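All values reported here derive from a predicted model rather than from experimental measurement. All values below come from the heavy atoms of this structure, side chains included, with hydrogens, waters and symmetry mates left out.
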There are 2 protein chains.
Amino acid sequence: MKYEQLKLANQLCFPVYAASRLITREYQPLLDKLEITYPQYLVLMVLWEKDGLPVNDIAKKLILNTNTITPLLKRMEQQGLISRKRSEKDERMVLVQLTKKGKRLQEKASKIPEALVKRLSDSKIKINDLVKLKESLNYMISFLSK
Amino acid sequence: MKYEQLKLANQLCFPVYAASRLITREYQPLLDKLEITYPQYLVLMVLWEKDGLPVNDIAKKLILNTNTITPLLKRMEQQGLISRKRSEKDERMVLVQLTKKGKRLQEKASKIPEALVKRLSDSKIKINDLVKLKESLNYMISFLSK
DNA sequence: ACTGAATTAATCGCCTGCGATTTAGTTTAA
DNA sequence: TTAAACTAAATCGCAGGCGATTAATTCAGT
């Protein structure tokens, strides 16, 4: 194994870790207006796409464990964004539904990605590089999440 | 979908967030043997490179706030990995030093990047793509961390 | 029909991660 | 020289994130 490749692991893993936190920081002021956090925003995005999903489906889409997602959903329920109820067909499952408030947030949220893209494009990273970045990460994710 | 842009921005942001967590999960079993966590490993890496740094320098290198790093360092002190003492030149600063135990871990840790790279190369992502990924992320980080 | 395996959420305990604030020490400028 | 501005670290409170375990329900094979 070449030394260069060894360095690469650290040079790659830390940037992913740092970039993740920095991106969340960029989202925060925008999400503050909706009084939600980034993980909560992700849950809403999943539900805006397809409402009424069981906890497990949401967890899988976000690659989170139930011990993260359960309290997260409880907080969202507390804020009146979603409702949770046991499935009648299979009582093991808890189905998550958007409330009116949760649905209404979608319109406000629709302006967030635009602001984010504008901010990132100020960085002069080429769109093409962002697309490649995305592809590489998704490839890595599909491998690591098995 | 009515709000198509809600999907688009997250095609990039979510993968970074997910990849970060998946990478940490990959590290975990390796770090467990050293009885440290990923953020603790990062602190050690900084100190192995240059020992005796003030808290702030470590925080800046890792792009973390003092309210994250202070308790993290306290836990590491508790485990006997580092020592903390006030600088005599400037009593505002706390200098962080590796203990013998902290220094000794470096050798064991040296095998970690190798294992990670091996794992990542199993994913058949080309080394060249990883290099590009790294470069894009670093560019983004340098922009966002200003 | 019955039992053991599998599935789904929830719970517990711990470690980040961060906004907001506080405390202590140092610098600066009137 | 001394009060205000600045800097470094710590503190507080809350929201993730996850390993390990538990409780409830369903499934599958006999």
Would you mind reading off the distance between B/Gln40 atom CD and C/dC15 atom C1', rounded to a whole angstrom?
-> 8 Å
Using atom types as modelled, flag every donor-acceptor pair under 3.5 Å from a side chain in residues 52-71 of chain B to any protein atom, sequence neighbours excluded.
from: B/Thr70; atom 1: OG1; to: B/Thr66; atom 2: O; distance (Å): 3.0

Earlier contact from the 5' end, DNA chain D, for A/Met76 and A/Arg86 | A/Met76
To the nearest angstrom, the CD1-C1' distance between A/Ile23 and C/dG17 comes to 16 Å
Between B/Glu88 (CD) and C/dG25 (C1'), how many Å, whole number?
-> 15 Å
Nucleotide C/dC15, atom P - distance to CG of B/Leu31 in whole Å | 15 Å
Residue-phosphate contact under 4.0 Å: A/Lys74 side-chain N/O, C/dT11 OP1/OP2 | yes
Can you tell me the distance, in whole Å, between the CG atom of B/Asp32 and the P atom of C/dC14?
-> 16 Å
Of the listed C/dT16, C/dT11, C/dG25, the closest approach to the A/Thr70 side chain comes from C/dT11
So, is A/Arg84 near the phosphate of C/dA9, with a side-chain N or O under 4.0 Å from OP1 or OP2?
-> no
Can you name the ring-ring contact (aromatic ring centres under 6.0 Å, His included) partners of B/Tyr38, sequence neighbours left out?
-> A/Tyr17, B/Tyr27
List for me each residue that meets side-chain hydrogen bond (donor to acceptor under 3.5 Å, both in side chains) alongside B/Gln40, sequence neighbours excluded, and say none if there are none.
-> none
If you restrict it to nitrogen or oxygen atoms, what contacts under 3.5 Å exist between nucleotides 18-20 of chain C and the protein, and what is each distance?
from: C/dC18; atom 1: OP1; to: A/Arg25; atom 2: NE; distance (Å): 3.1
from: C/dC18; atom 1: OP1; to: A/Arg25; atom 2: NH2; distance (Å): 3.4
from: C/dC18; atom 1: OP2; to: A/Arg25; atom 2: NH2; distance (Å): 3.3
from: C/dC18; atom 1: N4; to: B/Asn67; atom 2: O; distance (Å): 3.2
from: C/dG19; atom 1: N7; to: B/Asn67; atom 2: ND2; distance (Å): 2.5
from: C/dG19; atom 1: O6; to: B/Asn67; atom 2: ND2; distance (Å): 2.3
from: C/dA20; atom 1: N6; to: B/Asn67; atom 2: ND2; distance (Å): 3.2

Whichever of A/Tyr17 and A/Asn56 has its nearest DNA chain C nucleotide further upstream toward 5' | A/Asn56
Mind checking the CG-CG spacing from B/Leu44 to B/Asp51? Nearest 0.5 Å is all I need.
-> 10.5 Å
Indicate if B/Val46 and B/Leu81 have the same hydrophobic cluster label, given that clusters are the connected sets of ILVMFWY residues with side-chain heavy-atom separations under 4.5 angstrom.
-> yes
Could you state the atom-to-atom distance from CG of B/Leu73 to P of C/dG17 in whole Å?
-> 12 Å
For A/Ser142 and A/Tyr139, indicate whether the former's side chain and the latter's backbone hold a donor-acceptor pair under 3.5 Å.
-> yes
Enumerate the residue pairs fulfilling side chain to side chain donor-acceptor pair (under 3.5 Å) with a member in residues 77-93 of chain A, sequence neighbours excluded, ordered by first and then second residue.
-> A/Glu77-A/Arg84, A/Asp90-A/Arg92
Could you grab the distance from atom CD1 of B/Ile141 to atom OG of A/Ser20, nearest 0.5 Å is fine?
-> 10.0 Å
Within this structure, what is the CZ-to-C1' distance between A/Phe14 and C/dG17, rounded to whole angstrom?
-> 14 Å
Here the distance between atom P of C/dT7 and atom CE of A/Met93, to the nearest Å, is 14 Å
Just the endpoints, please: which first and last nucleotides of DNA chain D, 5' to 3', lie under 4.0 Å from a heavy atom of chain B?
-> D/dT7 to D/dC18
Linked, directly or transitively: A/Leu30 and A/Val43 (ILVMFWY side chains, under 4.5 Å) = yes
